[in-house]
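The structure under discussion appears below in the form of structure tokens.
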Amino acid sequence: MGPARRAAAGAALALAFLTVIPLRVRERADGVGAAAAWFPAVGALVGALAGGIRFASEPLLGAGPAAVLAVAVLVAVTGALHQDGLADCADGLGVRDDRGRRLAVMRDPSVGVFGALALLLWALLVAAALAELPREDALPALVVAGALGRWAAVLHGAGVAPARRAGLGASFRVGRGALAAATLTAVAAALGPAGLGAGAAALAAAAVVTLGVSAWASRTLGGRTGDTLGASVALVEAAVLLVLLGFANAA
């Protein structure tokens, strides 16, 4: 397979994995990590879609309902993939037992109290931030948040060993080339729409939150899982939006 076809296959795999777009792709032998280079670009597209809804609906509905619609789009277009991971990790936080028990609880498809609270707080934070952002700032903010959220998953996958031998966490192997490409895309996606100061702050916030998730996963789970990858995306999205809101209010 030539470079162009390999790049196209990686982009298609990233779209199929990160969104509900019904693309028929064949996962490569090296797993979903083969598409990691494209994660921030796909995240930017998801953010642009949600931001477009926020921008277009505010004149008719007001900032609050438009923000809630944007959050709904973020969840719907990704099939709640990242929110599921956040809820499972929150339920894992509530387990005061050994590592195996915590991992078992996180695999349970039902959502517990901690998971429900985490989802509620995430949705409230994101919706509140989007409602407070000026209309012209919300769309680029969502582009930045979407790109850096998926970059966080790439960083987490590259820096933390898998907790299990099988599953998404184990199959998400990120090579140096993919990490470099994803990082370049994330930096461009942050500095372009947000500007140097706010973009740099958003990048720093994404890195700090990812480091925190990675440290928790390593210490309590023994490594990354599909759920910790998803949680890193959701948490970074919220953190980046809050940082950009702070810059907008200070302007």
Side-chain angles (χ1 to χ4, degrees), residues 14 18-19 38-78 80-83 86 118-155 182-210 212-213 230-251:
L18 292 173
T19 73
W38 293 93
F39 271 37
V42 173
L45 288 174
V46 171
L49 178 60
I53 296 296
R54 165 71 173 82
F55 185 87
S57 59
E58 180 178 340
L60 293 174
L61 303 176
V68 173
L69 279 178
V71 174
V73 170
L74 281 178
V75 175
V77 78
T78 59
L81 178 67
H82 314 305
Q83 290 73 32
L86 176 63
L119 290 176
L120 177 62
L121 289 173
W122 178 86
L124 287 173
L125 273 176
V126 173
L130 288 175
E132 289 297 319
L133 278 166
R135 183 178 178 226
E136 64 274 10
D137 292 338
L139 195 160
L142 278 165
V143 170
V144 176
L148 296 191
R150 279 68 183 177
W151 178 56
V154 177
L155 290 179
T183 300
L184 286 174
T185 303
V187 170
L191 300 184
L196 182 60
L203 284 163
V208 168
V209 171
T210 305
V213 173
S232 66
V233 175
L235 291 173
V236 166
E237 281 181 334
V240 167
L241 287 173
L242 290 173
V243 166
L244 295 180
L245 174 60
F247 271 83
N249 287 339

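For the numbers below, each heavy atom of this structure counts, side chains included, while hydrogens, waters and symmetry mates do not. Owing to the predicted nature of the structure, the values given are computational and were not obtained by experimental measurement.
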What are the two closest non-hydrogen atoms of [X] and [Y], and how far apart are they?
| X | Y | result |
| --- | --- | --- |
| Gly199 | Leu191 | C-CD2, 3.7 Å |
| Leu86 | Ala118 | CD2-O, 4.0 Å |
| Ala205 | Val243 | CB-CG2, 3.7 Å |
| Leu242 | Ala129 | CD2-CB, 4.2 Å |
| Ala14 | Trp38 | CB-CB, 3.7 Å |
| Ala190 | Leu203 | CB-CG, 3.8 Å |

Go through it in stages, so that I can follow the logic: the residues are Leu49 and Leu45, the test is side-chain contact (heavy atoms from CB on, under 4.5 Å), and I'd like the CA-CA distance, side-chain angles, deciding distance and then a yes or no. CA-CA 6 Å; Leu49 178 60; Leu45 288 174; over 6 Å; no
With side-chain contact (heavy atoms from CB on, under 4.5 Å) as the test, would you mind laying out the steps for His82 and Leu18 before giving the verdict? CA-CA 9 Å; His82 314 305; Leu18 292 173; 3.9 Å; yes
Within this structure, what is the [atom1]-[atom2] distance for the pair [X] and [Y], rounded to the nearest 0.5 Å?
| X | Y | atom1 | atom2 | answer |
| --- | --- | --- | --- | --- |
| Asn249 | Leu244 | CG | CG | 11.0 Å |
| Leu81 | Thr19 | CG | OG1 | 10.0 Å |
| Thr78 | Gln83 | OG1 | CD | 5.0 Å |
| Phe39 | Thr185 | CZ | OG1 | 12.5 Å |

Report yes or no: does Arg150 contribute a side-chain atom to a donor-acceptor pair with the main-chain N or O of Val42 at less than 3.5 Å?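 The answer is no, because no donor-acceptor pair under 3.5 Å joins these two groups.
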When you measure from the side chain of Trp122 to the backbone N and O of Ala234, does any donor-acceptor pair fall under 3.5 Å?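 Yes, the answer is positive, given that a donor and an acceptor are paired below the 3.5 Å cut-off.
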Donor-acceptor contacts under 3.5 Å from residues 132-147 side chains, at least two apart:
| residue | atom | partner | partner atom | Å |
| --- | --- | --- | --- | --- |
| Arg135 | NE | Phe55 | O | 2.7 |
| Arg135 | NH2 | Phe55 | O | 3.0 |

Is it true that atom CG of Leu196 has more than 12 heavy atoms of other residues, nucleotides or ligands lying nearer than 6.0 Å?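 Open: at most 12 neighbouring heavy atoms sit under 6.0 Å from CG of Leu196.
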